[in-house]
Participant: 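Below you will find the structure I want to go over with you.
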Amino acid sequence: MRIGRMSEMIDIMSSYGTYETHVTVLCPDAAELARLESWAGARELKVTHITPARGRARSRSMLTLPDRTGHERLVPQLRAAGFDPVRVKVETVPWSTEPAGPGGGYHEHHLRLLLPPGYDHGALEALVLPHGARLSWAACGGREQERYVTQRVRGSASRAAAACDTLIAELVAAGYEIDCELRELVLYDSDLSEDDRNGEGL
């Protein structure tokens, strides 16, 4: 099973529908990641590997489910297989009025940027940080690279939409090419501190 880039995860998330769940699994080395890949592949689950630009952990692996309850079965199965699931996030459409559970109630926006080699990483980071956004990446190959901007906003759907629109406008005005965007509402988040370790809020 090939490791999915974040770009692939965005495409999957866009096609799932009303709910989706991400289960973050701690893989401290390449051997454990390969074992997770094999385990997930046998169950037709995709592994997404993300490299954040900041944070105490340099990368993480996630399994994505097209529902809101599948993690209740998946997490015990992972633990029984010797893996260490460290976070569960349940997400839905941004206009949902469904009450949020523990750790939830915030909006997340994911923007995929296409950048030329040698772009100014510091300038891009300085632009997005004041908007409550952070960066992660995966090399795309060829002349362009993919970088991902993840923004977290608490409050109403209209406030979140305005914040995302403002961020997009500033990125476009600065000359950045936005290849894809995804907006969602997080209903449940078992461990917000995982973002501090990983440096971004996906």
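If you read the sequence from its start, that first residue is 1, and numbering goes on from there. Everything quoted here is computed from the prediction, not taken from an experiment.
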Participant: With a 4.0 Å cut-off on N to O distance, would you call Glu184 and Lys89 a salt bridge?
Facilitator: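 Salt bridge between Glu184 and Lys89, a charged N being under 4.0 Å from a carboxylate O: no.
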
Participant: How many angstroms lie between atom CZ of Arg183 and atom CG of Asp165, to the nearest 0.5 angstrom?
Facilitator: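 That separation rounds to 4.5 Å.
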
Participant: Can you name the closest pair of heavy atoms from Thr92 and Thr18 and give their distance?
Facilitator: OG1-O, 2.7 Å

Participant: Can you name the closest pair of heavy atoms from His71 and Pro76 and give their distance?
Facilitator: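 The pair with the smallest heavy-atom distance is O-CD, 3.9 Å.
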
Participant: Looking at every non-hydrogen atom in both residues, tell me the closest pair between Leu135 and His121 and how far apart they are.
Facilitator: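 That would be CD1-CE1, 3.6 Å.
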
Participant: I need the minimum non-hydrogen distance between Ser96 and Leu185, along with the two atoms involved.
Facilitator: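 Result for this residue pair: O-CD2, 3.8 Å.
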
Participant: Do Leu129 and Arg134 have side chains that approach each other closer than 4.5 Å (heavy atoms only, starting at C-beta)?
Facilitator: yes

Participant: Has the side chain of Ser38 got a donor or acceptor atom that lies under 3.5 Å from a matching backbone atom of Ala34?
Facilitator: no

Participant: Within a strict 4.5 Å, meaning less than it, do heavy atoms of the Val149 and His110 side chains meet?
Facilitator: no

Participant: If every non-hydrogen atom of Glu146 is compared with every non-hydrogen atom of Leu114, which pair is closest and at what distance?
Facilitator: CG-CD2, 4.0 Å

Participant: Which distance, rounded to the nearest 0.5 Å, do you find between the NZ of Lys46 and the CE of Met62?
Facilitator: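 Reported value, rounded in 0.5 Å steps: 12.0 Å.
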
Participant: Between Leu113 and Ile178, does a side chain to side chain contact (heavy atoms under 4.5 Å, CB included) hold up when you go through it step by step?
Facilitator: CA-CA 5 Å; Leu113 309 183; Ile178 300 174; 3.6 Å; yes

Participant: Less than 4.5 Å apart, side chain to side chain, heavy atoms only: is that true for Thr69 and Val90?
Facilitator: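 No, every pair of side-chain atoms sits at 4.5 Å or beyond.
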
Participant: Taking the side chain as C-beta and beyond, is there a heavy-atom pair between Leu124 and Leu115 under 4.5 Å?
Facilitator: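 Sidechains of Leu115 and Leu124: in contact.
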
Participant: Could you tell me the separation between the OH atom of Tyr19 and the CG atom of Leu187, rounded to the nearest 0.5 Å?
Facilitator: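 Going from the OH atom of Tyr19 to the CG atom of Leu187 covers 6.5 Å.
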
Participant: To the closest 0.5 Å, what do you measure between CD (Glu91) and CG (Leu182)?
Facilitator: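 The CD atom of Glu91 sits 8.0 Å away from the CG atom of Leu182.
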
Participant: Side chains of Asp84 and Val25, heavy atoms from C-beta outward: is any pair under 4.5 Å?
Facilitator: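 No. Closest side-chain heavy atoms not under 4.5 Å.
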
Participant: Taking C-beta and beyond as the side chain, do Leu74 and Leu45 meet within less than 4.5 Å on heavy atoms?
Facilitator: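 Counting from C-beta outward, Leu74 and Leu45 do come under 4.5 Å.
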
Participant: When you compare the side chains of Tyr176 and Arg147, does any donor N or O come within less than 3.5 Å of an acceptor on the partner?
Facilitator: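 The criterion, which ignores hydrogens and geometry beyond distance, is not satisfied for Arg147 and Tyr176.
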
Participant: State, to 0.1 Å, how close Ser190 and Arg87 come at their nearest heavy-atom pair, and which atoms those are.
Facilitator: OG-CA, 3.3 Å

Participant: Has Thr21 got a side-chain atom pairing as donor or acceptor with Asp67's backbone, closer than 3.5 angstrom?
Facilitator: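 Flag set: sc Thr21 to bb Asp67 pair under 3.5 Å.
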
Participant: Would you say the side-chain atoms of Arg159 pair up with the backbone N or O of Arg154, donor to acceptor, closer than 3.5 Å?
Facilitator: yes

Participant: Check the pair Leu36 / Leu78 against side chain to side chain contact (heavy atoms under 4.5 Å, CB included), numbers first and verdict last.
Facilitator: CA-CA 9 Å; Leu36 178 63; Leu78 285 164; 4.1 Å; yes

Participant: Take the angle between the ring planes of Phe83 and Trp39 and call it parallel below 30°, perpendicular above 60°, tilted in between.
Facilitator: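 Correct class here is perpendicular.
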
Participant: How far does OG1 of Thr48 sit from CG of Leu63, to the nearest 0.5 angstrom?
Facilitator: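 So the OG1 of Thr48 and the CG of Leu63 are separated by 8.0 Å.
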
Participant: Does some side-chain heavy atom of Val153 sit less than 4.5 Å from a side-chain heavy atom of Cys164?
Facilitator: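 Cys164 does not reach Val153 side chain to side chain.
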
Participant: Taking atom CG of Asp179 and atom CG of Leu111, what is their separation to the nearest 0.5 Å?
Facilitator: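 Answer rounded to 0.5 Å: 11.0 Å.
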
Participant: Describe, in one word, how the ring planes of His107 and His109 are oriented to each other, choosing from parallel (under 30°), tilted (30 to 60°) and perpendicular (over 60°).
Facilitator: tilted

